[in-house]
Amino acid sequence: GAVVSQHPSRVICKSGTSVKIECRSLDFQATTMFWYRQFPKQSLMLMATSNEGSKATYEQGVEKDKFLINHASLTLSTLTVTSAHPEDSSFYICSARVGNGNTEAFFGQGTRLTVV
Amino acid sequence: AQTVTQSQPEMSVQEAETVTLSCTYDTSESDYYLFWYKQPPSRQMILVIRQEAYKQQNATENRFSVNFQKAAKSFSLKISDSQLGDAAMYFCAYRSRSTLTFGGGTRVLVKP
């Protein structure tokens, strides 16, 4: 299957700073990218959906000014956690798919964010 | 909005035996895909099997097979000849045109 690379895999940052997570589709052009958050022993919760060249669509309860998403090209989407706090510590996973409709999505390796 | 429910938080199976994971979903759409993903301790999401809603035939991938009951909105996963490497979290997922919704997950433990 297609490869999605997510970087970094782990990051520790100080409270109040911002952290950027990158999600790249390596061998295909991703029309749509999804960002998920996963708490320990829980399922993946969709945070936002981003389409290349347009603003991201955020799920209810997700602060768009807190979690900035940029989908600048068909192979790159970034999630920036601004002014991070300890409660933002979590596992973040991106997913990318080709085209619209009911096509398969491919997942990055995930990023474990720890805010101290 | 679509919802996906996995009623079994944890399932235990003896090595070489068979285990079935249940999944139900709620939707008003007629065209959709269903997936089972495996998440091992590395937390990388791995696609196990997928089913197109318009297909009546149940999908099969080696030791993994599904029982898709569209009218009942049920999509169970059967793991045959369980192996130690099958131990992981398993998530059922529903895909519509706009999003991918996950169930709460089932942890599978494989006993040697």
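Per chain, numbering begins at 1; letters A, B, ... match sequence-line order. When reading the values below, keep in mind they use all heavy atoms of this one structure, side chains included, and skip hydrogens, waters and symmetry mates.
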Peer 1: At a heavy-atom separation under 4.5 Å, does A:Q42 approach chain B through its side chain, its backbone, both, or neither?
Peer 2: backbone

Peer 1: I'd like to verify something: which residue of B:Q39, B:M45, B:R43 has the highest number of heavy-atom pairs under 4.5 Å with chain A?
Peer 2: B:R43

Peer 1: Taking all heavy atoms of B:L100 and all of A:Y36, pick out the closest pair and write down the distance.
Peer 2: O-OH, 3.2 Å

Peer 1: Any sub-3.5 Å donor-acceptor pair from A:S43's side-chain atoms to B:G103's backbone N or O?
Peer 2: yes

Peer 1: Does atom CD (B:E10) have a neighbourhood of more than 12 heavy atoms from anything else shown, all under 6.0 Å?
Peer 2: yes

Peer 1: Taking side chain as everything from C-beta outward and backbone as N, CA, C, O, which of these in A:Q6 sits under 4.5 Å from a heavy atom of chain B? Side chain, backbone, both or neither.
Peer 2: neither

Peer 1: Taking NZ in B:K70 as the centre, count heavy atoms belonging to other residues, nucleotides or ligands within less than 6.0 Å. Is the count above 12?
Peer 2: yes

Peer 1: With only heavy atoms counted, which part of A:L46 is less than 4.5 Å from chain B, the side chain, the backbone, both or neither?
Peer 2: side chain

Peer 1: For A:F107, does its backbone N or O pair with a side-chain atom of B:Q44 as donor and acceptor, under 3.5 Å?
Peer 2: yes

Peer 1: Taking NE2 in A:H85 as the centre, count heavy atoms belonging to other residues, nucleotides or ligands within less than 6.0 Å. Is the count above 12?
Peer 2: yes

Peer 1: Does any backbone or side-chain atom of B:L47 lie under 4.5 Å from a heavy atom of chain A? Answer side chain, backbone, both or neither.
Peer 2: side chain

Peer 1: Side chain, backbone, both or neither: which part of B:F102 has a non-hydrogen atom closer than 4.5 Å to chain A?
Peer 2: both

